[in-house]
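Heads up, the thing below is written out as structure tokens.
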Amino acid sequence: MNQIALPLAWPAEEQGEFLVVESNARAVRMLEHWATWPVRTAVLGGPPKSGRSLLGRIFAARSGGWVIDDADAIDEGTLFHAWNRAQEERRPLLLIASAVAPAWQVSLPDLRSRLAASPAATIGAPEETLMSALFERGFARRHLEARADLIAWLTARTERSHTAVMDTIDTLDRAALAGRRRLTIPLARETLDLDKAARNRSDFRS
């Protein structure tokens, strides 16, 4: 697993943050080679908490370009003018969205045709190696000791999504603090079973 070397002036809490693995390597390569884009705009898709915004900040710091995050929630006319401006000024623009076309359904024909001409890449669901690294780093940030056997246990049982990893860390952090207990597999099993049961009851009432 590789890490992107960040600019020296980057905030200390984000140093060495972005882990490059198979699920995001294509997106990283696209942004690293921004000078070769056929147009001055590219689209980066990815699920919440996947590091897409951090990757956008790294891109902006290295390229001097613009970034529009959550672009799929922005007025399409605004995006259309931003795309044109990037071409006129020869300054790269990165649009970050939950998904790329065709999943990102754009209504404005002129914008749709421009995005179709733009390079695009998507950050995929995390693989096992990244899940393990995210658990390890997440617990370390909270100053919680998590042994390798617990990390492996959680990795094998957690939904393959960045959000699921973060939610699991939050849940176990609260449980360890409330019970003043060490993080162990028995604590994790007990806590996550209770959490699942509570969510099932909530879904049933809905």
Side-chain angles (χ1 to χ4, degrees), residues 3-127 130 134 138 159-167 170 203 206:
Q3 293 184 351
I4 291 181
L6 304 182
L8 293 177
W10 209 258
E13 65 270 18
E14 292 187 339
Q15 287 291 341
E17 281 286 303
F18 199 87
L19 304 173
V20 183
V21 291
E22 184 177 352
S23 58
N24 58 42
R26 184 170 179 271
V28 170
R29 286 195 301 271
M30 180 184 76
L31 298 186
E32 285 180 335
H33 297 287
W34 60 270
T36 65
W37 293 351
V39 294
R40 293 296 87 193
T41 302
V43 182
L44 173 64
K49 301 184 180 180
S50 62
R52 63 189 190 186
S53 296
L54 174 58
L55 199 53
R57 294 196 295 274
I58 295 170
F59 163 77
R62 292 184 169 185
S63 68
W66 295 306
V67 174
I68 299 179
D69 208 345
D70 295 323
D72 43 349
I74 302 293
D75 174 73
E76 292 185 0
T78 299
L79 297 180
F80 172 75
H81 291 300
W83 195 100
N84 288 340
R85 181 185 176 192
Q87 317 316 307
E88 292 166 3
E89 300 188 7
R90 305 295 298 169
R91 184 178 176 187
L93 167 66
L94 177 65
L95 303 178
I96 300 176
S98 298
V100 302
W104 179 9
Q105 298 180 355
V106 177
S107 300
L108 189 64
D110 287 342
L111 176 61
R112 188 165 60 243
S113 63
R114 282 161 173 74
L115 294 183
S118 305
T122 299
I123 298 174
E127 50 273 268
L130 182 56
L134 291 174
E159 175 192 340
R160 294 302 170 110
S161 80
H162 304 82
T163 299
V165 172
M166 298 300 110
D167 288 347
D170 287 341
D203 291 342
S206 299

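Each residue takes its place number in the sequence, starting with 1. Below, all heavy atoms of this structure are taken into account, side chains as well, without hydrogens, waters or symmetry copies.
When all heavy atoms are compared, the tightest approach of Ala27 to Leu44 is CB-CD1, 3.6 Å. Considering every non-hydrogen atom in both His162 and Lys49, the closest pair reads CB-O, 3.2 Å. Between Leu95 and Ala71, the shortest heavy-atom contact is CB-CB, 4.0 Å. Scanning all heavy atoms of the two residues, the minimum distance from Trp34 to Pro92 falls at CE3-CG, 3.7 Å.
Residues in residues 109-122 take part in these side chain to side chain donor-acceptor pair (under 3.5 Å) pairs, two or more places apart or across chains: Trp83-Ser118, Asn84-Arg114. Pairs of residues two or more places apart, or lying in two chains, that qualify as side chain to side chain donor-acceptor pair (under 3.5 Å) and include a residue from residues 35-44 are Thr41-Gln87.
In this structure, Asp70 contributes its side chain and Ala73 its backbone to no donor-acceptor pair below 3.5 Å. Looking at Asp72, its side chain does come within 3.5 Å of a backbone N or O of Ser98 through a donor-acceptor pair. Glu127 places no side-chain N or O within donor-acceptor distance of the main-chain N or O of Val21, the cut-off being under 3.5 Å.
Considering only heavy atoms from C-beta on, Arg52 stays 4.5 Å or farther from Asn24 through its side chain. Under the 4.5 Å side-chain criterion, counting only non-hydrogen atoms from C-beta, Arg62 is not in contact with Leu31. Residues Val39 and Pro119 form a side-chain contact, since some pair of their non-hydrogen atoms from C-beta on lies under 4.5 Å apart.
Between atom CG of residue Leu79 and atom CG of residue Leu108 there is a gap of 9.5 Å, rounded to the nearest 0.5 Å. Here CZ of Phe59 is found 9.0 Å from CD1 of Ile96. Values are rounded to the nearest 0.5 Å. Note that the CZ atom of Arg160 and the OG atom of Ser23 stand 10.5 Å from one another [nearest 0.5 Å].
Checked against side-chain hydrogen bond (donor to acceptor under 3.5 Å, both in side chains), Arg85 has the following partners two or more places apart in sequence or in another chain: Glu89.
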